[in-house]
*Asks:* 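Dumping the structure here so I can ask a few things about it.
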Amino acid sequence: MGYREDIITACKALESDGLNRGASGNVSVRDGGDMLITPSAVGYDLIEPKMIARMSLADDTGAWDGPNKPSSEWRCHHDILCARSDINAVVHTHAPYATILAIARKPIPALHYMIAAFGGPDIRVCDYARYGTAELSSHILAAMEGRNGCLMANHGMVVGAGDLTRALWLAGELEALAHQYVHTLAIGGPVVLSDAEIEETARGFESYGVQAKEPVV
Ligand SMILES: [Zn+2]
């Protein structure tokens with residue numbers, strides 16, 4: 001399967017996993033000097049491979065190739081792929097629990113060892129800027145320094161990874177951590193793991209293989 005089919009498969013997984021609140025999700029993949037990204041305003045059940053828009057990473061005017069306009073949130077995908085050579089796939093959604101925390105502007109602490117998959121002991125909330133703006137991209141990149149994802153203030157979440165399988169997995173893990181955090185706050189808040197405990201977990205993940213879909217413990 002090519003990247004276009006992979007993107008459609010990922011969109012359907014976002015839907016079936018409950019991460020695609022109100023068709024908010026969008027997905028991109030690096031393809032050489034270009035990115036392929038989901039179209040704007042097309043239901044996931046109707047997306048065909050030709051509708052995935054191709055945009056040059058060397059151009060930030062919003063120009064695209066293909067019959068369908070790219071997602072209105074193409075700019076943050078474009079800017080993450082340009083700034084982060086370690087990231088080849090980006091998933092953005094308004095998944096329910098991640099969005100609740102983003103609205104409350106609560107970063108996720110190390111309440112579960114799985115947070116180590118994001119590159120450190122927390123998941124930050126980036127500052128607010130209107131969707132689709134270069135200002136929002138720069139806030140996201142700052143919050144993703146040393147991390148594979150962040151919450152976006154009053155908006156949602158974004159994750160990036162070396163490939164789309166891993167990015168999709170991270171999106172599900174981020175939502176799981178957000179779900180755990182929201183409910184833990186209701187019973188007095190989590191006992192937070194130390195930075196050393198998260199570093200130890202990260203080393204364990206590395207020995208298992210960084211591209212592993214789910215670490216075995
Ligand atoms: Zn959005």
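Counting convention: from 1, in listed order, for ligands and their atoms alike. One-based numbering along the sequence shown. Everything numeric in this text was worked out from a predicted model, so none of it was measured.
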*Asks:* Do side-chain atoms of His92 reach the backbone of Asn26 as a donor and acceptor pair under 3.5 angstrom?
*Replies:*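 Looks like no, no N/O pair under 3.5 Å.
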*Asks:* Tell me which donor-acceptor pairs under 3.5 Å the side chains of residues 10-17 have, and how far apart each pair is, sequence neighbours excluded?
*Replies:*
unit_1: Glu15; atom_1: OE1; unit_2: Asn20; atom_2: ND2; d: 2.7
unit_1: Ser16; atom_1: OG; unit_2: Lys12; atom_2: O; d: 3.2
unit_1: Ser16; atom_1: OG; unit_2: Ala13; atom_2: O; d: 3.2

*Asks:* Using a 4.5 Å cut-off on heavy atoms from C-beta on, say whether the side chain of Leu185 contacts that of Lys106.
*Replies:*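 The answer is yes; the side chains approach within 4.5 Å.
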*Asks:* How are the rings of His179 and Tyr97 set relative to one another: parallel (under 30°), tilted (30 to 60°) or perpendicular (over 60°)?
*Replies:*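 Parallel: the ring planes of His179 and Tyr97 meet at under 30°.
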*Asks:* Taking the side chain from Arg75 and the backbone from Ser137, do they hold a donor-acceptor pair closer than 3.5 Å?
*Replies:* no
*Asks:* For Asp122, is there any backbone N or O sitting under 3.5 Å from a side-chain donor or acceptor partner on Arg147?
*Replies:* yes
*Asks:* With 2.8 Å as the threshold, which protein atoms of type N, O or S lie near the Zn ion (ligand 1)? Leave waters out.
*Replies:*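 Listed by chain and number, the nearby protein N, O or S atoms are Glu73 OE1, Glu73 OE2, His92 NE2, His94 NE2, His155 NE2.
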